[in-house]
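For the numbers below, each heavy atom of this structure counts, side chains included, while hydrogens, waters and symmetry mates do not. These numbers come from a predicted model, not from an experiment. All residue numbers in this chain count up from 1 along the given sequence.
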Amino acid sequence: MDLNTATILITGASTGIGAATARALVARGAQVALVARSRDTLETLAEELGPSALAIPGDLTQQADNERMVAATLERFGRIDALFANAGTFITGDLADGDPEHWARGIDLNITALLRSIRATSPHLVAQHSGHIILTSSVAGRNWCRGQTVYCATKQAVRAIGEGLRKEMLPHRVKVTLLEPGWVASEFWDGHGSKARLDTAVAEQRAIHSDDIARGVIYALEQPDAVSVGELLIRPVGQEH
């Protein structure tokens, strides 16, 4: 894909991996539509990136907001070349004593919202017989982590969705990439540990930065038309699992 002429729709775009990827794409000449719930943060990022960026605040658990993000992107830029379905949340709690309502909210965002975004966007890629869909899973989609059983389950579901979608999209020449980040020091962990802990993990090469993942996304998108990166596992050199 020639990023200099491409339009990328990014969900979960206001912070972390989404924001880092938006910056990297615009630096290469791409246009980006940015979707997240946090209006102020999203609009600040779009202002930073300039006329190549469009902020679309919305709740991706609602199908109407997914349809609206697609319509707004097409109205502003005229086309969509790729969907980076990156929205998600962390889910904590052992099964024996976790909060089922917390689980339900996380499952809704990590799985159902992802499906809704694919449903709203993929018909346009199918119609143009080209495009790329990148789904953010996690290294947790390959492993079990203590206190994260439900979170790991949602990311394993994303892995299954990615493989099914890849096969569905084969006749339409739409690429599908499963992105599996390891421990990334970002706002994703706000409320789940101290900044000092993240800083220590980075210093010990047990955590990496959002920019490191953004480079992987760029790599997948820039492959020749005949090349599809099916899975992209990126983790710190010091991460055991």
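In this structure, L221 and R28 have side chains that are not in contact, with every pair of non-hydrogen atoms separated by 4.5 Å or more. M169 is listed as a side-chain neighbour of V126, based on a closest heavy-atom distance under 4.5 Å. In this structure, F84 and I17 have side chains that are in contact, with non-hydrogen atoms separated by less than 4.5 Å. Looking at heavy atoms from C-beta onward, W103 lies out of side-chain contact with T149 at the 4.5 angstrom threshold. Put simply, the side chain of V70 does not reach to within 4.5 Å of the side chain of N66, judged on heavy atoms. Side-chain contact between L125 and H172 is absent, with no heavy-atom pair separated by less than 4.5 Å. Side-chain contact between H132 and D81: absent, with no pair of heavy atoms (C-beta onward) separated by less than 4.5 Å. I234 places a side-chain heavy atom less than 4.5 Å from the side chain of I208.
Residue E47 qualifies as open at atom CD: its count of foreign heavy atoms under 6.0 Å is 12 or below. Annotation: Q205, atom CD; neighbour count of heavy atoms from other residues, nucleotides and ligands within 6.0 Å does not exceed 12. For R173, the CZ atom counts as loosely surrounded, since its 6.0 Å shell holds 12 or fewer non-hydrogen atoms of other residues, nucleotides or ligands. More than 12 heavy atoms of other residues, nucleotides or ligands lie within 6.0 Å of CZ in R76, so this atom counts as buried by the packing criterion.
With rounding to the nearest 0.5 Å, the separation of CD in Q31 from CG in L49 is 12.5 Å. Rounded to the nearest 0.5 angstrom, L60 CG and T112 OG1 are separated by 11.5 Å. The distance from atom CD1 of I161 to atom CG of L115, rounded to the nearest 0.5 Å, is 4.0 Å. Residue L165 holds its CG atom at 9.5 Å from CG of L170, rounded to the nearest 0.5 Å. Distance check, rounded to the nearest 0.5 Å: CG of L25 to CD1 of I10 gives 5.0 Å. The CG atom of D2 sits 10.0 Å away from atom CG of D225, with the distance rounded to the nearest 0.5 Å.
The closest donor-acceptor contact from the side chain of R215 to the backbone of A24 lies at 3.5 Å or more, if one exists at all. Judged purely by atom type and a 3.5 angstrom limit, Q239 uses its side chain to pair as donor or acceptor with the backbone of W183. Using a distance-only test at 3.5 Å, with no hydrogens or angles considered, a donor-acceptor pair links the side chain of S137 to the main chain of K155. For T11 (side chain) and N86 (main-chain N/O), a donor-acceptor pair under 3.5 Å exists by modelled atom type. A side-chain donor-acceptor contact under 3.5 Å links K175 to the backbone of V227.
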Kindly determine whether R159 and E163 satisfy salt bridge (Lys or Arg N to Asp or Glu O under 4.0 Å), including the steps that lead there. CA-CA 6 Å; R159 185 178 178 85; E163 179 60 12; over 6 Å; no
One pair to check against side-chain contact (heavy atoms from CB on, under 4.5 Å): M1 and I8. What are the steps and the verdict? CA-CA 11 Å; M1 181 181 297; I8 317 298; 4.0 Å; yes
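Under the side chain to side chain donor-acceptor pair (under 3.5 Å) test applied with N110, the options T136, T154, T89 reduce to a single match, T154.
Taking each heavy atom of R79 and L74 in turn, the nearest pair found is CA-CD2, 3.7 Å. Nearest heavy atom pair, residue A140 against residue Y151, reads CB-CE2, 3.7 Å. I213 and P181 get closest at one heavy-atom pair: CD1-CB, 3.9 Å. What you find for H102 and F90 is that their closest heavy atoms are CE1-O, 3.9 Å. A pairwise comparison of heavy atoms in V139 and R235 identifies CG2-NH1, 3.7 Å as the closest pair. In plain terms, the two heavy atoms of G16 and S210 that are nearest each other are C-OG, 3.2 Å.
I107 and W144 fall into different hydrophobic clusters, where Ile, Leu, Val, Met, Phe, Trp and Tyr residues are linked whenever their side-chain heavy atoms come under 4.5 Å apart, directly or through other members. Cluster annotation: I134 and L232 are assigned to the same hydrophobic cluster (Ile/Leu/Val/Met/Phe/Trp/Tyr, side-chain heavy-atom contacts under 4.5 Å, transitive). Under the 4.5 Å side-chain contact rule for hydrophobic residues, M69 and L109 do not share a cluster.
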Which donor-acceptor pairs under 3.5 Å do the side chains of residues 34-42 make with protein atoms, sequence neighbours left out?
residue: S38; atom: OG; partner: S14; partner atom: OG; Å: 3.0
residue: R39; atom: NH1; partner: E43; partner atom: OE2; Å: 3.4

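Among pairs with a residue in residues 56-65, those fulfilling side-chain hydrogen bond (donor to acceptor under 3.5 Å, both in side chains) read D59-T61, Q63-E67, Q63-R116, at least two apart in sequence or across chains. For residues 83-95, there are no salt bridge (charged side-chain N to carboxylate O under 4.0 Å, His left out) pairs, not counting sequence neighbours.
Ionic pairing of R105 and E101 is not present here: no N-O contact between side-chain nitrogen and carboxylate oxygen is shorter than 4.0 angstrom.
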